[in-house]
Protein chains: 4
Amino acid sequence: MEFNNCSPIYLQIIDNIKQDVVMGKLKTGQKMPSVRELAGKIKVNPNTIQRVYQELEREKITFTKRGMGTYLTDEEKIIKLLEEEISDKIIQEFINGMNKLGFSNDKIIGILQEYL
Amino acid sequence: MEFNNCSPIYLQIIDNIKQDVVMGKLKTGQKMPSVRELAGKIKVNPNTIQRVYQELEREKITFTKRGMGTYLTDEEKIIKLLEEEISDKIIQEFINGMNKLGFSNDKIIGILQEYL
Amino acid sequence: MEFNNCSPIYLQIIDNIKQDVVMGKLKTGQKMPSVRELAGKIKVNPNTIQRVYQELEREKITFTKRGMGTYLTDEEKIIKLLEEEISDKIIQEFINGMNKLGFSNDKIIGILQEYL
Amino acid sequence: MEFNNCSPIYLQIIDNIKQDVVMGKLKTGQKMPSVRELAGKIKVNPNTIQRVYQELEREKITFTKRGMGTYLTDEEKIIKLLEEEISDKIIQEFINGMNKLGFSNDKIIGILQEYL
DNA sequence: GTGGTCTAGACCACA
DNA sequence: GTGGTCTAGACCACG
């Protein structure tokens, strides 16, 4: 896995996991790799993964069974929210960029349709 | 002006200038600030600005009059191309992001319309 | 049964038994389980239970009949004292906590009434 | 500063700080000691304090000026909420304890008044 | 100087 | 084995 310097590694890992969840690569209720396993796989310190899982748990995207491991939530509502959160971020970034270029919201859709 | 570590500073400055051109903040044919002036204004090494102007000239976005300074091109065609280049970049990034989330091109427009 | 690390396990067991006595779950004069039985039930070393019973007997809460086992006292006075001891501990802890927060004793009752 | 083993050190520090805020020992808007300073003072690793401040910031109890330090919030609303959170926790624990002993809510106030 | 991130390595409780 | 906490020490960007 490759990381850039724009944002902390742990945030990049979080975003990747969220994306995998939304795309269905990771399925609801599924067991996540252990802290050490994932750390070894992507060549990162276990503490970093620990922080990733901690953050994901705070956002209710994962839950933890003591001594058993970390699991993806099986609440569809959370997944739904996550999907909206991520796509909204992308859409907002797009609209902002186009607005900066001087395109009104009305024109944006036209341009997009033309592009596709 | 703020810079991030993802891409070289000179590229970030170039993008900013291009954006200003497209938005009309900088007008065709207008004289650009001198290397030293711009360098001082955004607190950057003059060599960096030198490289910025060099690159802009290579792309025909600016031209230099010996001893007079650097000027924005007044060829509308160039501006037009520039506008397309930038907006295409934004659009492409948007489409890529949505595709990664599993949305087909057909769905993207629907989602965007709903969002606006 | 779950234990924490703040105080020795035997003290935690004693507190639980005292609570059961006060609540009437254990009735005056009743035979207590044998050391081995209780140790097995709550998965604790018999020596720990031995110490529990020893301590309870020292406080006159239980007495032993040689060869017959351990029994809860049937002296109401002891039970009464026990009840006061436990509730006083809880109340004192509560008052201390509220005092630390800057509430005078006068205010505490008002706050409690409001809460209930 | 002394810590027990019941809960993580960082949580105990957080609770202490919250208590100081509620009691007015720390005043709104005030600068908190730096990570390293506090770490040295209470003989704890800077990372632990880092986590403390991070958690407090997440709860909006502190905010951070980059390169300047960590500051207590000056929003009275947050402080008010904090005060309620802490006192509610203490009160709830008290009521639970008394209920376990078989005292109804009605009786609790009477007992408390008698005690004081 | 500040907070923020990261690595390395350790110990703990739980199952 | 698992996650959770903690220490030690390092480097970074910001002001």
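To find a chain, count down the sequence lines: A is the first, B the second, and so on, and within it residues start at 1. Everything numeric in this text was worked out from a predicted model, so none of it was measured. Computation of the quantities below employed the complete heavy-atom set of this structure, encompassing side-chain atoms and omitting hydrogens, waters and symmetry-equivalent molecules.
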Minimal non-hydrogen separation, [X] against [Y], with atom names:
X	Y	value
Met32(C)	Tyr53(C)	CB-OH, 3.6 Å
Glu85(C)	Glu59(C)	OE1-OE1, 4.0 Å
Thr28(D)	Asp74(D)	CB-CA, 3.9 Å
Gln19(D)	Ile86(D)	N-CD1, 4.1 Å
Ile78(D)	Lys60(D)	CG2-O, 3.5 Å

Contact class for [X] vs. all strands (heavy atom < 4.0 Å): base, sugar-phosphate, or nothing?
X	value
Arg51(A)	sugar-phosphate
Asn47(D)	base
Gln54(D)	nothing

Glu93(D), CD atom: more than 12 neighbouring heavy atoms under 6.0 Å:
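Count not over threshold, so no.
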More 5' along DNA chain E: Pro33(D) or Arg36(A), using each one's nearest nucleotide?
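Whichever sits nearer the 5' end wins; that is Pro33(D).
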Here's a test of your reading of the structure: between Tyr53(D) and Pro46(A), which maps to the more 5' nucleotide of DNA chain E?
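Residue closer to the 5' terminus by nearest nucleotide: Tyr53(D).
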Side-chain donor or acceptor of Gln50(D) paired with backbone N/O of Val35(D) under 3.5 Å:
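It does not hold such a pair.
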I'd like to know if the side chain of Asn99(A) and the backbone of Phe103(A) have a donor-acceptor N/O pair within less than 3.5 Å.
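Yes, because the side chain of Asn99(A) sits within donor-acceptor range (under 3.5 Å) of the backbone of Phe103(A).
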Checking side-chain hydrogen bond (donor to acceptor under 3.5 Å, both in side chains) between Tyr10(C) and each of Arg51(C), Gln54(C), Glu55(C), which is the one that passes?
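Filter result, single survivor: Arg51(C).
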Going by number, which of residues 9-21 of chain A have a non-hydrogen atom under 4.0 Å from DNA chain E?
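Residues of residues 9-21 of chain A under 4.0 Å from DNA chain E: Ile9(A), Tyr10(A).
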Rounded to the nearest 0.5 Å, how far apart are NZ of Lys31(A) and CG of Leu72(A)?
11.5 Å
Measure the NZ-CZ distance between Lys43(B) and Phe3(B) for me, rounded to the nearest 0.5 Å.
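Between atom NZ of Lys43(B) and atom CZ of Phe3(B) there are 11.5 Å.
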Along DNA chain F, 5' to 3', what are the outermost nucleotides having an atom less than 4.0 Å from a heavy atom of chain A?
dG1(F) to dC6(F)
If you pin Phe3(B) and Pro8(D) to their nearest nucleotides in DNA chain F, which one's is more 5'?
Pro8(D)
Sorted by position of nearest nucleotide on DNA chain F, 5' first, the leading residue of Gly67(D) and Glu37(A) is Glu37(A)
Let me have DNA chain E in dot-bracket notation, would you? Count Watson-Crick plus G-U wobble pairs, both distances under 3.5 Å, and use [ ] for pairs crossing earlier ones and | for inter-strand partners.
||||||||||||||.
